[in-house]
Amino acid sequence: MEQWQKDLMEIVETVAEEVEHFFLGMGEMVDTLFELTEEFTEQVHNTIATEVDQYLQDLAEPILEVYGEIGDLMADADQGFPYSVEPTLEQNSACIGCSNYHGHVYGGNLLVCAMHPHGWDDKNCPDWEQE
């Protein structure tokens, strides 16, 4: 083999080695870039998720407080409005037609009349008066 052929073979081998090193280096760079991208994406995701969660919590707290206060006010409002209950044969039958019958519910408690706040047990109340 002549010298120029040997030189050409060395050049081809050197180029092949350099190309191989180039692609190995590129592969390592691409792997590093993917790792950095994954880490960056994970950090951004965690940061954004944390910030969004905190923002939503800060936004929801005052609304939930107002909602709780409204619920408390509504519970108090239900207790504050009296309503009437008429005597029936099953409940407070001794009061049917009595002028002393009050029959209003206050705070969930029925006030039957001033003489017998919880009503009379049998059908003949001693304080019964015609309306």
Side-chain angles (χ1 to χ4, degrees):
M1 212 190 240
E2 292 185 34
Q3 183 62 32
W4 68 270
Q5 291 174 335
K6 289 181 183 178
D7 290 341
L8 181 62
M9 286 300 287
E10 285 179 20
I11 291 172
V12 170
E13 287 176 4
T14 305
V15 168
E17 287 176 10
E18 292 298 322
V19 169
E20 184 179 350
H21 288 302
F22 174 77
F23 283 117
L24 286 174
M26 288 300 289
E28 289 175 6
M29 287 177 52
V30 169
D31 289 343
T32 305
L33 180 65
F34 280 135
E35 288 174 10
L36 288 174
T37 304
E38 276 183 357
E39 289 176 15
F40 179 73
T41 303
E42 186 176 323
Q43 288 177 356
V44 167
H45 179 265
N46 290 340
T47 302
I48 289 175
T50 303
E51 288 180 10
V52 167
D53 186 42
Q54 183 64 39
Y55 175 75
L56 291 175
Q57 187 174 1
D58 291 345
L59 185 67
E61 278 181 12
I63 294 170
L64 292 175
E65 286 178 19
V66 168
Y67 181 74
E69 290 173 7
I70 290 173
D72 292 343
L73 288 174
M74 293 305 292
D76 292 342
D78 289 344
Q79 299 291 326
F81 293 111
Y83 57 92
S84 298
V85 176
E86 294 297 322
T88 62
L89 292 175
E90 294 82 26
Q91 185 176 10
N92 300 317
S93 60
C95 303
I96 296 175
C98 180
S99 63
N100 295 320
Y101 182 74
H102 182 67
H104 284 76
V105 177
Y106 299 96
N109 299 308
L110 174 64
L111 175 60
V112 177
C113 70
M115 281 77 65
H116 310 286
H118 300 288
W120 191 253
D121 291 336
D122 63 19
K123 294 185 179 192
N124 296 319
C125 177
D127 297 308
W128 189 88
E129 293 182 10
Q130 180 78 30
E131 279 190 62

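Keep in mind that what you see is a predicted model, and the values were worked out from it rather than measured.
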[atom1] of [X] to [atom2] of [Y]: how many Å apart, nearest 0.5 Å?
X	Y	atom1	atom2	result
Asp58	Ile63	CG	CD1	11.5 Å
Met29	Leu33	CE	CG	8.0 Å
Phe34	Asp31	CZ	CG	8.0 Å
Thr41	Glu39	OG1	CD	10.0 Å
Cys98	His116	SG	NE2	8.5 Å
Asn46	Glu51	CG	CD	11.0 Å

Same apolar cluster: [X] and [Y], side chain cutoff 4.5 Å:
X	Y	answer
Leu56	Tyr67	no
Met26	Val19	yes
Leu59	Val66	no
Ile11	Phe22	yes
Trp4	Val15	no

If you count the non-hydrogen atoms of other residues, nucleotides and ligands that lie under 6.0 Å from [atom1] in [X], is the total more than 12?
X	atom1	result
Glu61	CD	yes
Met115	CE	yes
Asp7	CG	yes

Check the side chains of Asp53 and Gln57 for a donor-acceptor pair under 3.5 angstrom, ignoring hydrogens and angles.
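Not at all, the side chains of Gln57 and Asp53 share no donor-acceptor pair under 3.5 Å.
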
Does any part of the side chain of Asn92, heavy atoms only, come nearer than 4.5 Å to the side chain of Val85, both counted from C-beta?
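Result no, sub-4.5 Å side-chain heavy-atom pair not found.
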
So, do Leu89 and Ile96 sit near enough that their side-chain heavy atoms are less than 4.5 Å apart?
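They are in contact (side-chain heavy atoms under 4.5 Å apart), so the answer is yes.
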
Specify whether His102 and His104 have parallel, tilted or perpendicular ring planes, treating 30° as the upper limit for parallel and 60° as the lower limit for perpendicular.
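Because their plane-to-plane angle lies in the 30° to 60° range, the rings of His102 and His104 count as tilted.
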
Keeping the roles fixed (side chain from Trp128, backbone from Lys123), state whether a donor-acceptor pair exists under 3.5 Å.
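Pair absent, no side-chain N/O of Trp128 close to backbone of Lys123.
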
So does Asn100 get a backbone contact from the side chain of Asp127, meaning a donor-acceptor N/O pair under 3.5 Å?
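Between the backbone of Asn100 and the side chain of Asp127 there is no qualifying donor-acceptor contact (under 3.5 Å).
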
Shortest non-hydrogen contact from Val112 to Gly119?
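Looks like CG2-N, 3.5 Å.
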
